[in-house]
*Asks:* 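My questions all concern the structure below.
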Amino acid sequence: MPVRVETFSRIEDAERALSANQAARFFGGGTILMRAVNEGDQSFDTLVRLTDPAFAEIRPEGARITIGAGVTMNQIMASPDLAFLAPVARSVGGPAVRSSASVGGNLYAAAPYGDFATALLALDATLTFAGQAGAPMRIDAFMRERDRHANRIVSAISIERPRESGAFRWLKVSRVKPKGLAVLSIAAHLPRSGGAIRVAYGNMGSTPVRAAAVEQALQGAPLTEQGIGPALAAATEGLSPPSDSLASVWYRREVAPVHLKRLLLGQTG
Ligand SMILES: Cc1cc2nc3c(=O)[nH]c(=O)nc-3n(C[C@H](O)[C@H](O)[C@H](O)COP(=O)(O)OP(=O)(O)OC[C@H]3O[C@@H](n4cnc5c(N)ncnc54)[C@H](O)[C@@H]3O)c2cc1C
């Protein structure tokens with residue numbers, strides 16, 4: 001079946017085209033969708049593209065930064081405002097993938113993908129949808145019910161800059177170095193001078209997830225061998241890691257505390 005491509009310069013028009021056709025898919029950078037096209041996926045017949053330059057812009061606004069959902073991993077790596085996120089973007093695929101892979105597409109990417117979304121979860125990002133009335137949606141709420149938001153368009157993602165350097169930490173564990181799919185990934189926001197502690201895992205569930213028990217155990221705890229003991233004991237509490245070709249459930253549960261310890265003690269280099 002041929003696939004039609006519809007291109008729009010206004011997000012409202014792209015959204016209208018998407019909601020008018022259940023067999024239409026929004027096209028970000030196409031690193032996942034083009035593979036589906038090439039494999040003959042019959043679940044869609046139309047790709048909806050958006051050319052609005054604002055969709056691919058990074059806008060610092062005081063303490064917050066707005067990232068257009070069409071921004072690519074290469075753009076993240078080149079942005080001085082997002083230097084703390086450069087290692088995350090650099091960990092996504094190889095150079096060809098990163099030149100097209102978008103932030104918006106990463107939010108919808110099924111496991112084992114979703115590295116950038118894991119980082120956004122630790123940063124408590126908020127998402128704005130095209131045509132959405134009302135307040136932006138927090139990313140943890142989005143991840144809990146991601147399927148309900150299929151065939152909408154995320155227009156932008158907003159994050160607060162970490163106030164201290166080193167407050168944001170990132171670790172991706174993969175079997176193939178330097179680039180490979182994540183056995184698991186961990187992102188954390190660990191401010192020393194107060195503020196919310198957040199820890200998120202990638203590939204420890206069907207979508208990126210917050211590690212609530214770890215976060216609770218870290219409240220007021222020093223980041224020392226002894227201080228992080230309760231957090232490591234709770235490393236996989238409440239989580240349902242997948243079993244896939246990269247690793248079994250058992251393996252993920254075994255190695256999660258080991259890597260969490262390295263991240264918390266700053267031993268990731
Ligand atoms: C060889 C290879 C290696 C890869 N390695 C990694 C990796 O290491 N880590 C990783 O996380 N990912 C990896 N990926 C997956 C993928 O490249 C990224 O997840 C990328 O960020 C997806 O974005 P995209 O714009 O290309 O998505 P697309 O292919 O354009 O779309 C993917 C899905 O997201 C939806 N979508 C896209 N943009 C939006 C939007 N703004 N609003 C709503 N829905 C949207 C689409 O409708 C579609 O359902 C890899 C892919 C390949 C082919």
Side-chain angles (χ1 to χ4, degrees), residues 3 5-6 8 11 14-15 17-19 21-39 41 43-52 54-57 66-77 85 87-121 125 127-132 136-137 139 142-143 146-157 170-185 187 200-203 207-208 246:
V3 176
V5 178
E6 296 179 356
F8 299 92
I11 198 163
E15 201 221 2
L18 206 58
S19 44
N21 177 5
Q22 284 300 307
R25 297 288 176 272
F26 185 72
F27 187 91
T31 57
I32 293 172
L33 277 177
M34 280 315 293
R35 189 163 58 187
V37 170
N38 292 334
E39 287 170 352
D41 189 331
S43 65
F44 56 90
D45 62 17
T46 304
L47 294 174
V48 173
R49 284 181 66 235
L50 177 63
T51 56
D52 180 357
F55 187 61
E57 269 175 19
T66 299
I67 305 171
V71 165
T72 64
M73 297 301 146
N74 272 1
Q75 282 177 270
I76 300 282
M77 284 161 61
L85 282 171
V88 185
R90 200 175 294 116
S91 78
V92 173
V97 167
R98 291 196 295 270
S99 69
S100 301
S102 72
V103 174
N106 206 268
L107 291 170
Y108 283 87
Y113 299 146
D115 292 324
F116 203 82
T118 304
L120 292 175
L121 195 54
L127 315 182
T128 306
F129 292 89
Q132 181 196 30
M137 174 177 265
I139 188 170
F142 168 81
M143 283 299 170
R146 184 169 65 178
D147 290 349
R148 282 189 52 206
H149 302 286
N151 269 23
R152 301 180 74 188
I153 304 174
V154 175
S155 56
I157 297 101
W170 164 251
L171 171 68
K172 175 170 172 175
V173 182
S174 50
R175 290 177 185 271
V176 182
K177 303 283 183 185
K179 303 288 168 214
L181 300 176
V183 168
L184 65 95
S185 55
Y201 283 116
N203 225 7
T207 65
L246 297 165

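Indexing begins at 1, ligand by ligand and atom by atom, following the structure's order.
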*Asks:* With nothing but distance in play, are any N or O atoms of Gly30 less than 3.5 Å from an N or O of ligand 1?
*Replies:*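 Such a contact does occur with ligand 1.
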*Asks:* Indicate yes or no: does an N/O atom of Arg35 lie under 3.5 Å from an N/O atom of ligand 1?
*Replies:*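 No; every N/O pair is 3.5 Å or more apart.
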*Asks:* For the salt bridge (charged side-chain N to carboxylate O under 4.0 Å, His left out) test, which of Lys172, Arg90, Arg98 pairs with Asp115?
*Replies:*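 Output: one option passes, namely Lys172.
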*Asks:* Nearest to atom 33 (C) of ligand 1 by heavy atom, Tyr108, Phe116, Phe129: which?
*Replies:*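 Going through Tyr108, Phe116, Phe129 one by one, Tyr108 has the nearest heavy atom to atom 33 (C) of ligand 1.
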*Asks:* Are any of the N or O atoms of Leu181 closer than 3.5 Å to those of ligand 1?
*Replies:*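 No - when backbone and side-chain N and O of Leu181 are compared with those of ligand 1, no distance drops under 3.5 Å.
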*Asks:* Does any N/O atom on Gly93 come nearer than 3.5 Å to any N/O atom on ligand 1?
*Replies:*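 Yes; at least one N/O pair falls below 3.5 Å.
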*Asks:* Are any of the side-chain heavy atoms of Ile76 and Ile67 separated by less than 4.5 Å?
*Replies:*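 Yes. Closest side-chain heavy atoms under 4.5 Å.
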*Asks:* Is the closest protein non-hydrogen atom to atom 49 (O) of ligand 1 under 4.0 Å?
*Replies:*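 Given the 4.0 Å limit, the answer for atom 49 (O) of ligand 1 is no, no protein heavy atom qualifies.
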*Asks:* Please compare Ile32, Asn151, Val103, Val92 and report which has the shortest non-hydrogen distance to atom 32 (C) of ligand 1.
*Replies:*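 When every heavy atom of Ile32, Asn151, Val103, Val92 is considered, Ile32 comes closest to atom 32 (C) of ligand 1.
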*Asks:* Evaluate Ala109 for polar contact with ligand 1, using N/O atom pairs at a separation under 3.5 Å.
*Replies:*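 Not met; the criterion fails.
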*Asks:* Ignoring hydrogens and geometry, is there a side-chain-to-backbone donor-acceptor pair from Asn203 to Ala111 under 3.5 Å?
*Replies:*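 No: the side chain of Asn203 does not pair with the backbone of Ala111.
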*Asks:* Can you confirm whether Val103 sits close enough to Leu120 that some side-chain heavy atom of one is under 4.5 Å from a side-chain heavy atom of the other?
*Replies:*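 Counting from C-beta outward, Val103 and Leu120 do come under 4.5 Å.
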*Asks:* Please work out which of Gly105, Ala101, Gly68 has its closest non-hydrogen atom nearest to atom 37 (C) of ligand 1.
*Replies:*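 Comparing heavy atoms across Gly105, Ala101, Gly68, the nearest one to atom 37 (C) of ligand 1 lies in Gly105.
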*Asks:* Under 4.0 Å from ligand 1, counting heavy atoms only, is it the side chain of Asp115, its backbone, both or neither?
*Replies:*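 Both the backbone and the side chain of Asp115 come within reach of ligand 1.
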*Asks:* If I apply the N/O under 3.5 Å rule, does Gly28 come out as touching ligand 1?
*Replies:*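 By distance alone, the answer is yes.
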*Asks:* When you measure from the heavy atoms of Arg152 to every atom of ligand 1, does any distance fall below 4.0 Å?
*Replies:*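 The answer is yes, since Arg152 has a heavy atom less than 4.0 Å from ligand 1.
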*Asks:* Does ligand 1 have any atom sitting under 4.0 Å from a heavy atom of Ser91?
*Replies:*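 For ligand 1, residue contact (heavy atoms, under 4.0 Å) with Ser91 is present.
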*Asks:* Would you give the length of the straight line joining atom OG of Ser185 to atom CG of Leu121, rounded to the nearest 0.5 angstrom?
*Replies:*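 The OG atom of Ser185 sits 10.0 Å away from the CG atom of Leu121.
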*Asks:* What do the steps show when you test Phe142 against Tyr108 for ring pair (Phe, Tyr, Trp, His ring centres under 6.0 Å), and what is the final call?
*Replies:* CA-CA 10 Å; Phe142 168 81; Tyr108 283 87; 5.4 Å; yes
*Asks:* Counting only N and O atoms by type, is there a donor-acceptor contact under 3.5 Å from the side chain of Glu6 to the main-chain atoms of Ala17?
*Replies:*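 It does not hold such a pair.
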*Asks:* Between the main-chain N or O of Phe8 and the side-chain N or O of Thr51, is there a donor-acceptor pair closer than 3.5 Å?
*Replies:*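 It does hold such a pair.
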*Asks:* Record the part of Arg90 in heavy-atom contact with ligand 1 below 4.0 Å; permitted values are side chain, backbone, both and neither.
*Replies:*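 It is neither; nothing of Arg90 touches ligand 1.
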*Asks:* Has Arg175 got a side-chain atom pairing as donor or acceptor with Leu246's backbone, closer than 3.5 angstrom?
*Replies:*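 Checked: pair present.
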*Asks:* For the backbone of Thr128 and the side chain of Ser155, can you confirm whether one donor and one acceptor N or O come within less than 3.5 Å of each other?
*Replies:*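 Answer holds: yes.
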*Asks:* Any idea which atoms of ligand 1 are less than 4.0 Å away from a heavy-atom of Gly114?
*Replies:*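 Answer for ligand 1: 10 (C), 11 (O).
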*Asks:* Answer side chain, backbone, both or neither: which part of Ser102 comes under 4.0 Å from ligand 1, heavy atoms only.
*Replies:*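 Both of them.
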*Asks:* Nearest 0.5 Å, please: how far is CG in Leu184 from CG in Leu171?
*Replies:*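 With rounding to 0.5 Å, CG (Leu171) is 7.5 Å from CG (Leu184).
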*Asks:* Run the salt bridge (Lys or Arg N to Asp or Glu O under 4.0 Å) test against Arg35 and tell me which residues pass, sequence neighbours left out.
*Replies:*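 Testing Arg35 for salt bridge (Lys or Arg N to Asp or Glu O under 4.0 Å), a comparison that skips the adjacent residues, returns none.
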*Asks:* Distance under 4.0 Å to a non-hydrogen atom of Thr31: what atoms of ligand 1 satisfy this?
*Replies:*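 What qualifies from ligand 1 is 16 (C), 17 (O), 20 (C), 22 (C), 23 (O), 24 (P), 26 (O), 29 (O), 53 (C).
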*Asks:* So is Lys172 touching ligand 1 or not, going by heavy atoms under 4.0 Å?
*Replies:*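 Yes, Lys172 has heavy atoms under 4.0 Å from ligand 1.
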*Asks:* Looking at Gly29, which atoms of ligand 1 are within less than 4.0 Å of one of its heavy atoms?
*Replies:*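 In order of numbering, the contacting atoms are 24 (P), 25 (O), 26 (O), 30 (O).
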*Asks:* Any idea which atoms of ligand 1 are less than 4.0 Å away from a heavy-atom of Phe55?
*Replies:*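 Counting atoms of ligand 1 from 1, those under 4.0 Å from Phe55 are 41 (N).
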